[in-house]
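Written out below as structure tokens is the structure these notes cover.
Values reported hereafter were calculated over all heavy atoms of this structure, with side chains retained and with hydrogens, waters and symmetry mates removed. Both ligands and their constituent atoms are indexed starting at 1 by order of listing.
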Amino acid sequence: MKTPVILTVAALGCVAGATDLVGHAAAHPDGRAAYAFEHGAYRKDLAGLPIGVFDSGIGGLTVLEALLSLDVFHNDTLQPGGDGRPDFADERFQYFGDQANMPYGNYSSAGRTGYLRELILKDAVFLLGRRWFDPGTKTFRHDKPPVKALVIACNTATAYGIEDIRAALKAWNLPVFVVGVVEAGARGVQAVHREGAVGVLATVGTCASGAYPKAIGQTLGLAGRAVPVVTQQGSANLAGVIEGDPSFQETVAERCRLDVRALVEAHRQSGVTAPLSTLVLGCTHFPLVQPDIDAVFQSLLREPGLAELIAPRMEYVNPAEWTARELFRELARAGLRGGTGSRQKDRFYLSIPNPLRSDLPLTPDGGLEKDFKYSRLPGELGREDTVNVPMTPERIPETTRKLIESRLPLVWGRLKSEARNSKSE
Ligand code: DGL
């Protein structure tokens, strides 16, 4: 029998656009339906559960790498200072990349932020639930562990979705907390920025949301610091170029040159004279190309008229590192750190177009067609355009796989060992 659900308008107030999904998940507490989770799973001790991390695709694996490598706390005393042991050594992770519905950064220019917000909440619900799709048998299974905390590794998803997720967790009365890269990135600015202006390089959507200027203003303002000028530049291509997406012809160096120049140009046009001295790498992929970005700043410094707009030394903020610190503190505060023994298997999932549907417009390489992807509206919870399957190395496009293998060694090791484990099950 279903538990009657009474959600007040106040409880749903912040989630306009994602309201249907909040009510839907509340109305299906056994978690068997799509976009639902088992509420009873959260009436137990949560400490042994995995930490959920999600992104629009595989870019968020850079954030997972930062989580896996963090050693800035003493694991026993929780005091600041590394102890030679990774801070999350006793944790397991569950990663989800919404590869079939990405890039998230382009939904705002298509006028579809309502649908994007629903997608982001669906990502959270997936991690909270047990349901996943087994492509071998083409059936849904309900045996994945739920998660005890949510990390939004995606800047765009944090910008558009973190408040919805917070409101939904409250409406569902779940003892789960959420950490996002934007607020953590703002704390990074607080830590490294001294004087001058702050630049933000992110997706077009993240910039359009204004989330970084707002978070930086609030964080520094609350700390009693002068709020710096923030100049943003959105890039529609750089993430794809970094992934080696064949639809982009340009090289990483060429794209960085265009985007960094556009940022400096936007800064000049704002009329602000303070030079850019801190850059927030506000997209999951951008920390991977920090040296290329820095090389462009160095070359622009030699151009007449631009030198006074750029500080001789740029401080870089990688929000992933600050997210990792924040997660550690929040887990400790909530009393949810995993004990020895909870370090079992990690799990990795990604979304694919639903193979049970024959009506989906697909591209030659099997992805959702762009026009279809960016024309959808929220509220149609009866249809599943995409399903979430295990992310095996074979399911990751080759160029991206090479990027993970060479640049994210800890993630690559976990991904391979998880793939081996699943085969031997
Ligand atoms: N993960 C996204 C971000 O950090 C970049 C890729 C996308 O647009 O989906 O904003």
Compute the centroid of each ring, for W172 and then for Y42, and state whether the two points are separated by less than 6.0 Å. no
Atom indices of ligand 1 within 4.0 angstrom of S56 heavy atoms, with elements: 1 (N), 2 (C), 6 (C), 7 (C), 9 (O)
Is it the case that R112 and Y374 place a side-chain donor and acceptor less than 3.5 Å from each other? no
Test of understanding: given a 4.0 Å heavy-atom threshold, classify the contact between T284 and ligand 1 as side chain, backbone, both, or neither. both
Give a yes/no on ligand 1: does C283 have at least one heavy atom closer than 4.0 angstrom to it? yes
If the test is side-chain contact (heavy atoms from CB on, under 4.5 Å), which one of L201, V230, V280 qualifies with Y212? V280
closest protein heavy atom to atom 10 (O) of ligand 1 is T156 OG1, 2.5 Å
Looking only at N/O atoms, are N155 and ligand 1 under 3.5 Å apart anywhere? yes
Taking the inter-plane angle between the rings of H39 and F37 on a 0 to 90° scale, is it parallel (under 30°), tilted (30 to 60°) or perpendicular (over 60°)? parallel
Close-contact set for ligand 1 against Y104 heavy atoms, below 4.0 Å: 7 (C), 8 (O), 9 (O)
Please report the C-alpha distance between D259 and S235 in whole Å, then the side-chain angles of each, then the deciding distance to 0.1 Å, and finally whether the side chain to side chain donor-acceptor pair (under 3.5 Å) criterion is met. CA-CA 7 Å; D259 290 339; S235 176; 2.7 Å; yes
Give a yes or no answer on whether the side chain of Q94 reaches the backbone of P146 with a donor-acceptor pair at less than 3.5 Å. no
is_close_aromatic(F126, F54), centroid dist under 6.0 Å: no
Within reach of ligand 1, part of V181 (heavy-atom separation under 4.0 Å): neither
For D55, the atoms of ligand 1 under 4.0 Å from one of its heavy atoms are 1 (N)
Results of side chain to side chain donor-acceptor pair (under 3.5 Å) for N354 - residues two or more places apart only: none
Looking only at protein heavy atoms, which one is nearest to atom 2 (C) of ligand 1, and what is the separation? C154 SG, 3.4 Å
Before signing off on this row, confirm whether G105 and ligand 1 have an N or O atom pair separated by under 3.5 Å. yes
By number and element, which atoms of ligand 1 are closer than 4.0 Å to a non-hydrogen atom of T203? 5 (C), 8 (O), 10 (O)
